[in-house]
Trainee: 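The structure follows.
One-based numbering, in listed order, for ligands and for the atoms of each. As the structure is a computational prediction, the values presented were derived from the model and not from experiment.
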Amino acid sequence: MPITFDSTSRTFHLRNDQISYLMRVLENGTLGHLYFGGSLAESGSYGRLSGGEYLGLSNRLGEPVPFEFPTAGIGDFRVPALTIEQPNGSTALDPRYASHRVFGGKSAIPGLPSTYVQGYDEAETLEILLADTPASLEIRLFYSIYADRAVITRSIRCRNVGSEPLTVRCAMSASLDLPDSDWEMIHLSGAWARERHVRARRLDAGSQSIGSLRGASGHEHNPFLVLKRAHTTEEAGEAFGLSLVYSGNFLAEAEVDQFRTTRVRIGINPDGFAWVLDPGTEFCAPEAVLAYSEAGMGALSDTYHSLYRDRLARGVWRDAPRPIVLNNWEATYFDFDEARLLEIATSARELGVEMFVLDDGWFGRRDSDASSLGDWTANKAKLPGGVEGIARQIEALGLRFGIWIEPEMVNQRSQLFVDHPDWAIGVPTRPRTEGRNQLVLDMARHEVVDYLFGVLSELLGKAPISYVKWDMNRNITEPFSPSLPAARQGEFYHRYILGVYDLYERLTRAFPQVLFESCAGGGGRFDPGILQFAPQGWTSDDTDAVERLRIQWGTSLCYPLSSMAAHVSAVPNHQTGRSTPLATRAGVAFFGVLGYELDPVALTDEERAAVSDQIDYYKARRELFQRGRLVRLRSPFEGGGNETAWMTVSADAKRAVVGHYRVLNGPHRSRERLRLRGLDPKASYRVSVWPAGDDPISAANSGIRGGDELMRLGLVVAPESPSDSRYEGDFTARLFDLEAEATARPNGPA
Ligand code: DGJ
């Protein structure tokens, strides 16, 4: 059994072969944290680690007792996990252990996405009840451990058991006390078109945090934080990950105290948050997923990838091969009619594309971004047969049909706004701020969510739509909902996201055959919460191959290949003006869910042949590119970022594809090597190079190579002869395809 309780020392031990998580009920009933890390023997005596014997002695105030769920006002002067304002205004809280239970499987969180199990034996859950009698508050802490994953999932629920309202001012999903501060904090930060760049900093005294106050997780920071040792690499060393299954305002923070211990916490951002807890009601905080690795960042990512791909994403598209789409956005923007779309789709079909996605501009009178959001009926001037007409014609071509929507938004120039001006978010006494000429609908109101469900159900119900790209192009300003009394306006942001989840839940349940892709001006809401409903997301509006190396590398720290939609677009690139070779654009976009975002009609015959070849190549390896184990080899965030390399490996290590990319070429280079990982050292691999060519690098690598050779000596990634460097050029990509021979080498390594 993964969860045990030693009633003598009152110690909880959650363990599997990879991790242990230990807590102890201290002498005074406070829950102390003992340990989270590599697996420990079940029978050890670990209570001595708690240091909580001194709790309650006034001359020991402020000592770094490791708390499991810290609160304010009782002598722990670090940041709390929970702050509850009580009827007398006090926020002091001292919850004590009351009881616990252990059950097989794991429970869902009402209204919120979370990881799940498919059988009760996949995981076990510990539920601990804490009570604070003076505050009339009960807190339930949930911890789940899977039998074979290096993660602990955590969530909390607070219940008011008194007769007067309480206010939840801060409810972190997880807080973790670590005994030292010798950590580097890794996080994913950026902006529109450069999302999720890897950032690293040494922890230092005080607080260091990332977060969002935008109403969405945002382009700027991602709800994901890693603490790793300075020497931890992709392959070796210790790392903790904290990831929040949530799409709204969040905070992830590490605090180093005066004794150089570290407290790290993650949850809903307390700034702007206040939840009124009426007597008898409960507040549920989102799930936090804590992962641990003592085998480097690569293993930490493996843990998140498989959990989020297989037990967070759900529905028929979770495991199904994802189609190769052609999206018309960069081909036409708003300027199209039915004939033009059919011309593009016909051309795309000839290249091997499987789905045509009609992006923005098909509805209302939408000829620019200034109007019509909210009017989800076809623009008959562009689509005389409506959505149904174009969808059926696309299907007749042998393609599936997908459509773009932005349900949470409204333009002032729209029928929806004329009919329901009060549905747009705004403070009645202030002007509303527009972003991209649009306002945000009040998803905290049930009638708004009901209305959208009705309109979108009609759309999806009457046309053969196989895919929905759900966009969200601005963040929230003037947060306020007339549906909430003044005292409850602090609930607004969270209620907004609950409304988004409710709409996603209802639509995905009603239309299980539809593949949903999330989008928010590119990757502005690319988080685990949305992944539950939309198993893939539009990774970024930036499709430049060089920029994508950084974006996809950073994203891959937490998110699986199957979640990253990656498209090949035209050059000069619409975001950077850069021209990279077509093969390089494809060589980057292959590592994820491939699509095209260009006008296929405008391609030359040579380019069409190349795209057709790319699509064939991808289809033959789709499983590897979408669901293989990603091994990161060379980081675009290190060593000047001129080189990147990664590979995807099948579960049995019999197949792999390595991608090697160089931004700028240099003169007179020779015999540079790239050592691979994750292969079978005893196997012989047939190596072939893509794009196929009569060049020295292809010649140096092609043929049969041992797994040991590929991992210890490596591939050759610069010409043997320095003078051949001149033929390489800038912005290069080479893919190395590895296929194990049926029989192992007779004289391979032991
Ligand atoms: C932002 C998205 O990221 C783009 O791909 C495109 O769908 C536009 N919105 C359309 O307005």
Trainee: Output the list of atoms in ligand 1 that are nearer than 4.0 Å to some heavy atom of Cys519, sorted by atom number.
Mentor: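 Near Cys519, meaning under 4.0 Å from one of its heavy atoms, ligand 1 has 2 (C), 3 (O).
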Trainee: Charged N to carboxylate O under 4.0 angstrom, Arg318 versus Asp310?
Mentor: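 No.
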Trainee: Think Arg622 forms a cation-pi with Tyr618, using NZ or CZ under 6.0 Å from the six-ring centre and within 45 degrees of its axis?
Mentor: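 No - Arg622 does not lie over the ring of Tyr618 by the 6.0 Å and 45° rule.
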Trainee: Among Phe511, Tyr504, Phe516, Trp317, exactly one meets ring-ring contact (aromatic ring centres under 6.0 Å, His included) together with Phe533. Which residue is that?
Mentor: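 Filter result, single survivor: Tyr504.
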Trainee: Considering only non-hydrogen protein atoms, determine which one is nearest to atom 3 (O) of ligand 1 and report residue, atom name and distance to 0.1 Å.
Mentor: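 Nearest neighbour among protein heavy atoms for atom 3 (O) of ligand 1, to 0.1 Å: Asp541 OD1, 2.4 Å.
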Trainee: Which of the numbered atoms in ligand 1 are under 4.0 angstrom from any heavy atom belonging to Trp538?
Mentor: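 It comes down to these atoms of ligand 1: 3 (O), 5 (O).
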Trainee: Can you sort out which atoms of ligand 1 are near Lys469, meaning under 4.0 Å from one of its heavy atoms?
Mentor: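 The atoms of ligand 1 under 4.0 Å from a heavy atom of Lys469 are 4 (C), 5 (O), 6 (C), 7 (O).
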Trainee: Does the structure place the NZ or CZ of Arg400 under 6.0 Å from the centre of the six-membered ring of Tyr467, at an angle of no more than 45° from the ring's axis?
Mentor: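 No, a cation-pi geometry is absent between Arg400 and Tyr467.
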Trainee: Can you tell me which portion of Arg436 lies within the under-4.0 Å heavy-atom range of ligand 1? Options are side chain, backbone, both, or neither.
Mentor: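 Under 4.0 Å from ligand 1, Arg436 contributes side-chain atoms alone.
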Trainee: For ligand 1, which atoms sit closer than 4.0 Å to a heavy atom of Asp360?
Mentor: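 That gives atoms 10 (C), 11 (O) of ligand 1.
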Trainee: Considering the heavy atoms of Gly521, write down every atom of ligand 1 situated less than 4.0 Å from one of them.
Mentor: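 Every atom of ligand 1 under 4.0 Å from some heavy atom of Gly521: 1 (C), 3 (O).
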Trainee: If you measure from each non-hydrogen atom of Asn473 to ligand 1, which part falls under 4.0 Å: side chain, backbone, both or neither?
Mentor: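 Under 4.0 Å from ligand 1, Asn473 contributes side-chain atoms alone.
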Trainee: When you check the gap from the basic side-chain N to the acidic O, do Lys469 and Asp359 get nearer than 4.0 Å?
Mentor: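 Yes, charged N to carboxylate O under 4.0 Å.
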Trainee: Below 3.5 Å, N or O to N or O, backbone or side chain included: is there any such pair between Trp404 and ligand 1?
Mentor: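 N/O-N/O distance under 3.5 Å: yes.
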Trainee: Quick one: nearest non-hydrogen protein atom to atom 6 (C) of ligand 1, plus distance?
Mentor: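 Protein heavy atom with the smallest distance to atom 6 (C) of ligand 1: Asp359 OD1, 3.4 Å.
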Trainee: Would you mind checking if Asp337 and Lys382 are paired as a salt bridge, meaning a charged N to carboxylate O distance below 4.0 Å?
Mentor: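 Salt bridge flag = no for Asp337 with Lys382.
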Trainee: For atom 9 (N) of ligand 1, grab the closest protein heavy atom and report residue, atom and distance to one decimal in Å.
Mentor: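 Its nearest protein heavy-atom neighbour is Asp471 OD2, 2.7 Å.
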Trainee: Using side-chain hydrogen bond (donor to acceptor under 3.5 Å, both in side chains), reason through Ser247 and Asp527 one step at a time and then give a plain yes or no.
Mentor: CA-CA 6 Å; Ser247 309; Asp527 57 60; 2.7 Å; yes
Trainee: Please report whether ligand 1 has a polar contact with Phe334, defined as an N or O pair separated by less than 3.5 Å (distance criterion only).
Mentor: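 Not met; the criterion fails.
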Trainee: Distance under 6.0 Å and angle within 45° of the ring axis: does Arg548 meet both against Trp538?
Mentor: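 Yes - Arg548 lies over the ring of Trp538, closer than 6.0 Å to its centre and within 45° of its axis.
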